[in-house]
Protein chains: 2
Amino acid sequence: MSEDVKQAPDASRVPEAGGEGPRRVPLTPGARRVLEAAGRLFYERGIHAVGVDLIAAEAGVTKKTLYDRFGSKDQIVVEYLADRDERWRAFLAARLERARAPKSRVLAVFDASRDWAERSLPRGCSMINAHAEITDPAHPAYAVITGQKAWMLALFTDLARPLAPRRAKQLGRSLMLLHEGGLVAYGMGIFPDAIDHARQDAQALLKSAAGPSA
Amino acid sequence: MSEDVKQAPDASRVPEAGGEGPRRVPLTPGARRVLEAAGRLFYERGIHAVGVDLIAAEAGVTKKTLYDRFGSKDQIVVEYLADRDERWRAFLAARLERARAPKSRVLAVFDASRDWAERSLPRGCSMINAHAEITDPAHPAYAVITGQKAWMLALFTDLARPLAPRRAKQLGRSLMLLHEGGLVAYGMGIFPDAIDHARQDAQALLKSAAGPSA
DNA sequence: GAGTGAGTATACAGATCGGTCTACTATGGG
DNA sequence: CCCATAGTAGACCGATCTGTATACTCACTC
């Protein structure tokens, strides 16, 4: 499975924020506040640990408004993850635009992750965390989670292609491993500056993969 | 933080299964069945998603027995994680005993993880998953989670020392990143044989770190 | 000015949550 | 014989969970 999952992003262009996703809910002012509150609470405390009453209260919204907009907690979870995914891809796209050399583009992903992580609590990757809580593949949020990881793998593979055309898939997977490892080690506080460490290892990997001259 | 967290395991000897842990509950026959059922359910469905009634029913035990033995659900969670940690360390120790060359010992960790993972559902690392659900550092299970990761990092560092005495800490962290990345990629099904892929990358890393002759 | 969409306020339903309680049984050791 | 230990059976508690209902307000638009 996951051989060529979803459409591979075009590395020569800016990857578009997933527009084909399951986003359906129109973001009225109240809905936006709900999404903002849910996003913060879910990320900080976990999905199952946060109830809809708390979300509504933090959003300064009644439960009726919440259910009028989203219909169910599950849908809020979907919107939470899809929104985070969308914002992450946009953030990453802006960073990739500023990097031109193939190696720099790979390292820009690690830099983006580090900067993205530093903007919030050190709780690691929301997709990895959500995957630990949502165990049913039939859950509507499951596709969002696996979709983002598949997209990231495809991105690394595309970024690796100019550096090692024959071994792009291999190199993409290795970069993915380092990146995920960095996210987890950072999120769990295993050692300091884990994402930067992963970046260094990626750099060394690129050196030995494509030759120090490239 | 986590500069030299906990005591570093002696790499020349078999690492002992954590005996200083928070284990307190005597395992009567009923308690053992509770722990077995809770372990399976927590791992498959997540901690918050599983109630004590279900655990008791699956264990074939009344709630009174469950609470007589464990006192609280939180304590069951602690025992669940501590038990899994203990069994993993014993499993790993047996594998490390059979490997003598420094490089083989490092790779034996990855092999052990792959074999350990294949024995159950592809849900990845129970500590990573638990960390996503237990967000309060004051929770009694939190120390078990971070303790295992700190122990694994210390183990990799010790295993790296004979290969690169001056850069053992650096190499240990790199191995840790690859290992965690492999666990996550496997658990989320990002691509097939993720742990084996991580093992290959670790092998390449050891080659370039200590020279191909060692 | 009627209607519509977005919102507040609040009560409520039914289920499930973690946890406690009483009453009883079986077993095995001093 | 006695008593502690480990267990079953099952009712019960208050709190919290997701989700729904009724009644009303406000703003904007056709």
Side-chain angles (χ1 to χ4, degrees), chain A residues 22-42 44-81 130 132-136 138-142, chain B residues 22-42 44-81 130 132-136 138-142:
Chain A
R23 165 67 48 80
R24 261 156 306 192
V25 171
L27 285 189
T28 64
R32 201 176 295 272
R33 295 210 305 278
V34 167
L35 195 55
E36 184 275 330
R40 180 168 37 83
L41 291 167
F42 284 159
E44 289 177 4
R45 310 189 195 180
I47 293 172
H48 282 143
V50 172
V52 288
D53 295 81
L54 178 60
I55 295 174
E58 290 275 310
V61 148
T62 60
K63 279 176 68 179
K64 176 155 188 309
T65 295
L66 185 150
Y67 275 96
D68 281 349
R69 293 301 126 233
F70 294 90
S72 70
K73 182 186 176 181
D74 276 352
Q75 190 59 36
I76 299 180
V77 175
V78 170
E79 302 289 338
Y80 154 59
L81 293 172
E133 295 205 69
I134 299 171
T135 63
D136 179 14
H139 192 290
Y142 203 86
Chain B
R23 165 66 48 81
R24 262 156 305 193
V25 170
L27 285 188
T28 64
R32 200 175 296 271
R33 296 211 302 280
V34 167
L35 194 55
E36 183 274 332
R40 181 167 37 83
L41 291 167
F42 283 158
E44 290 178 3
R45 309 188 195 180
I47 293 172
H48 284 324
V50 171
V52 288
D53 296 80
L54 178 60
I55 295 174
E58 289 274 312
V61 149
T62 61
K63 277 176 71 177
K64 176 155 189 306
T65 295
L66 185 150
Y67 274 96
D68 281 348
R69 293 300 125 234
F70 293 91
S72 70
K73 182 187 176 180
D74 277 351
Q75 190 59 35
I76 300 181
V77 175
V78 171
E79 302 289 339
Y80 153 60
L81 292 172
E133 295 204 68
I134 300 172
T135 63
D136 179 14
H139 191 291
Y142 204 86

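Order of the sequence lines fixes the chain letters, A, B, ..., with proteins taken first and strands second; residue numbering starts at 1 for each chain.
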Report yes or no: does B:R69 contribute a side-chain atom to a donor-acceptor pair with the main-chain N or O of B:A31 at less than 3.5 Å?
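The answer is no, because no donor-acceptor pair under 3.5 Å joins these two groups.
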
Could you tell me whether a side-chain N or O of A:K63 sits under 3.5 Å from a main-chain N or O of A:A57, the two making a donor and an acceptor?
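Such a contact is absent between A:K63 side chain and A:A57 backbone.
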
Length of the [atom1]-[atom2] vector between [X] and [N], whole Å:
X	N	atom1	atom2	answer
B:L66	D:dA6	CG	C1'	14 Å
B:I47	C:dG18	CD1	C1'	15 Å
B:D68	C:dT20	CG	C1'	10 Å
B:I76	C:dG19	CD1	C1'	11 Å
A:D53	C:dA11	CG	C1'	13 Å
B:I55	C:dG18	CD1	P	8 Å
A:R32	C:dG7	CZ	P	11 Å
A:K63	D:dT22	NZ	P	16 Å

Any [X] side-chain nitrogen or oxygen under 4.0 Å from OP1 or OP2 of [N]:
X	N	answer
A:T62	C:dT10	no
B:T28	D:dT5	no
A:R69	C:dG7	yes

Does the pair B:R40/B:E58 count as a salt bridge with the N-to-O cut at 4.0 Å?
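Salt bridge present between B:R40 and B:E58.
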
Could you give the distance from CD1 (A:I55) to CZ (A:F70), rounded to the nearest 0.5 Å?
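CZ of A:F70 is found 9.0 Å from CD1 of A:I55.
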
Straight-line distance of B:R33 CZ to B:T28 OG1, nearest 0.5 Å:
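Those atoms lie 8.5 Å apart.
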
Nearest to side-chain heavy atoms of [X], which nucleotide of [options]:
X	options	value
A:K64	D:dT18, C:dT10, C:dA6	C:dT10
B:S72	D:dG7, D:dT20, C:dG19	C:dG19
B:Y67	D:dG7, C:dT8, C:dG19	C:dG19

Taking atom types as they are modelled, is there a donor-acceptor pair under 3.5 Å from the base of C:dG19 to the side chain of B:K73?
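Per atom types, no contact qualifies.
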
